[in-house]
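What you see is a predicted model; the values in this text were computed from it and never measured.
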Amino acid sequence: MYLSPTARISLLFLAIAVAGLFVADIAITASNPWRDLGRFFLGVATPDFFSTEGLATALLRTVAFAFVGVALGSACGFLLSLVYRFYPVRIFCAFIRAIHELFWALIFLQFFGFHPLTGVLAIAIPYSGIFAKVYSEILEEADPGPGRLLPPGTGVISAFLYTRIPDCWVQLRTYTAYRLECGLRSSAILGFVGLPTLGFYLETSFSQGLYSEAGAMLILFYVLIATIPIWVRPRLLPVYMVGAPFFLGDGMPIIWGNVERFFTQDIVPAPLRDGEGLASLGHWLHDLLVNEALPGIWNTVVLTQIALVATGILTLLAFPLISNHFGGPIRRTGGHVFLVIARSTPEYILAYILLQLWGPSMLPAVVALALHNGGIIGHLIGRQTNTLQLRPDAPSGFNRYSWELVPRVYRSFLAFLFYRWEIIMRETAILGILGIYTLGFYVDSAIQQIRFDRAMVLILITALLNIGIDVLGRYIRRKLALQTMPTC
């Protein structure tokens with residue numbers, strides 16, 4: 001029986017995920033999860049918008065951190081995209097984007113404290129690497145034709161500004177707007193490490209069982225995301241950019257001596273810092289690798305592969321919800337609402353909520369990653385099916401789904417899925433801060449124990465692992481000749 005390369009790779013990843021289920025901890029440990037889940041949905045249905053002091057300020061700071069961080073990241077990313085063809089620049093960008101925003105925040109907290117600069121840099125640095133990659137891809141695809149029509153002697157900068165930028169402007173603007181939505185999600189979860197954004201108040205409400213307050217915050221966040229096209233207008237952007245820094249809040253003054261000590265002492269491996277020699281350094285590295293890095297890598301990879309396949313399954317189930325080829329307008333409206341909620345809620349917040357309801361295990365993380373990423377890809381594939389024309393005698397129902405639509409969008413589906421693979425890995429690692437035994441758990445534990453040298457090595461391992469997944473994903477897409485699009 002002949003199987004196409006896409007079928008073989010799909011079955012391989014499915015088999016890996018099924019094998020992962022046998023070694024993963026996916027048990028529900030809460031004593032009464034259905035009661036807790038009911039209380040949560042009751043809280044969402046009966047939101048209390050006036051009980052939490054400072055909620056409006058938290059929303060303003062969430063928006064402010066997103067605007068400043070994304071603006072700084074896009075500016076730096078654009079400059080890097082101009083030299084992205086150079087290998088050292090590509091490696092640098094791959095490295096900074098491989099480290100999650102929360103990891104960057106944990107690093108800066110050690111010497112900047114709860115200063116606004118911590119949140120701004122935590123968003124701007126990884127976003128610079130992301131913007132550089134995507135902007136460079138967009139610029140490379142620009143039509144070279146207009147440049148050939150310029151008069152002789154036209155400068156390189158003038159040619160770039162008058163031919164390349166106008167041709168790419170719509171794509172650049174569209175992607176930057178999308179990345180602003182991502183920045184709002186990143187800004188919100190920074191509150192989980194103590195910065196004064198929405199996540200801080202959300203965690204406080206959940207820890208106290210105040211589900212109506214938590215529901216109000218989630219609803220406001222969804223409204224904030226859903227109304228971006230309304231309140232983010234080109235003519236208002238200068239006003240937002242000038243005003244956003246004033247809403248970041250105040251922090252303790254930066255003590256630059258702490259910055260110097262962090263880089264010259266705190267992150268230096270303890271044996272070298274104490275002058276114990278290379279033999280002690282070898283024992284130190286062995287202990288770190290065996291007891292923390294390898295268990296963290298194993299759990300991170302297992303959880304990533306299960307979440308990747310779960311994302312794919314959810315995507316294939318979800319895209320008909322918004323496809324014009326199924327159901328009526330009421331059903332499609334409900335499908336749009338579901339997918340907007342799924343893709344707008346950060347994985348970290350979803351996992352945090354489910355951990356409170358189901359108890360600590362990998363299951364909340366798998367569901368959170370699948371819902372968020374499945375919502376994103378399901379939305380993209382659903383929109384793609386709306387552009388397909390079916391013949392008049394096309395079958396209906398399940399036959400239309402399985403024989404007409406899925407075969408025609410499956411390659412795009414795989415391209416999007418493998419594009420998200422590295423992103424799922426990044427999120428899997430950071431979910432360890434919530435108590436799941438991925439690499440983030442050991443990073444957070446090392447920081448709690450003020451062992452920054454161990455934390456930095458683990459963060460470096462996390463970045464290398466993410467880079468490896470990104471390279472492997474691009475290899476598979478290229479091998480299968482899958483079209484890649486910078487959409488997420």
Regarding Tyr222 and Thr345, is there a side-chain donor-to-acceptor distance under 3.5 Å anywhere? yes
Check whether any side-chain N or O of Asn386 sits under 3.5 Å from a backbone N or O of Asn324 as a donor-acceptor pair, and report yes or no. yes
Test Arg420 against Asn373 for side-chain hydrogen bond (donor to acceptor under 3.5 Å, both in side chains), laying out the working first. CA-CA 8 Å; Arg420 297 292 301 182; Asn373 292 284; 2.7 Å; yes
Answer yes or no: is there a side-chain heavy-atom contact under 4.5 Å between Tyr84 and Cys93? yes
N/O donor-acceptor pair under 3.5 Å between Thr197 side chain and Ala188 backbone: yes
Could you go step by step and tell me if Phe78 and Phe131 meet the ring-ring contact (aromatic ring centres under 6.0 Å, His included) rule? CA-CA 7 Å; Phe78 181 77; Phe131 274 122; over 10 Å; no
Is the terminal nitrogen or CZ of Lys133 (NZ for Lys, CZ for Arg) located under 6.0 angstrom from the six-membered ring centre of Phe92 and within 45° of that ring's axis? no
Do Ile96 and Ile130 pass the side chain to side chain contact (heavy atoms under 4.5 Å, CB included) test, and can you show the C-alpha distance, the side-chain angles, and the key distance before you say yes or no? CA-CA 9 Å; Ile96 60 175; Ile130 296 170; over 6 Å; no
Flag if over 12 foreign heavy atoms under 6.0 Å of CZ, Phe200: no
Can you measure from OG (Ser128) to OH (Tyr135) and round to the nearest 0.5 angstrom? 10.0 Å
Derivation and outcome, side-chain hydrogen bond (donor to acceptor under 3.5 Å, both in side chains), residues Tyr410 and Ser10: CA-CA 10 Å; Tyr410 196 76; Ser10 300; 2.6 Å; yes
Is the count of non-hydrogen atoms from other residues, nucleotides or ligands lying under 6.0 Å from Ile330 atom CD1 greater than 12? no
Answer yes or no for Arg179 and Tyr127: cation-pi contact, defined as NZ/CZ to six-membered ring centre under 6.0 Å and angle to ring axis within 45°. yes
Any side-chain to backbone donor/acceptor pair from Arg400 onto Leu390? Under 3.5 Å, distance only. no
Has the side chain of Arg411 got a donor or acceptor atom that lies under 3.5 Å from a matching backbone atom of Ala481? yes
Looking at Ser323, is its backbone amide N or carbonyl O close enough to the side chain of Thr385 to form a donor-acceptor pair, meaning the two atoms are under 3.5 Å apart? no
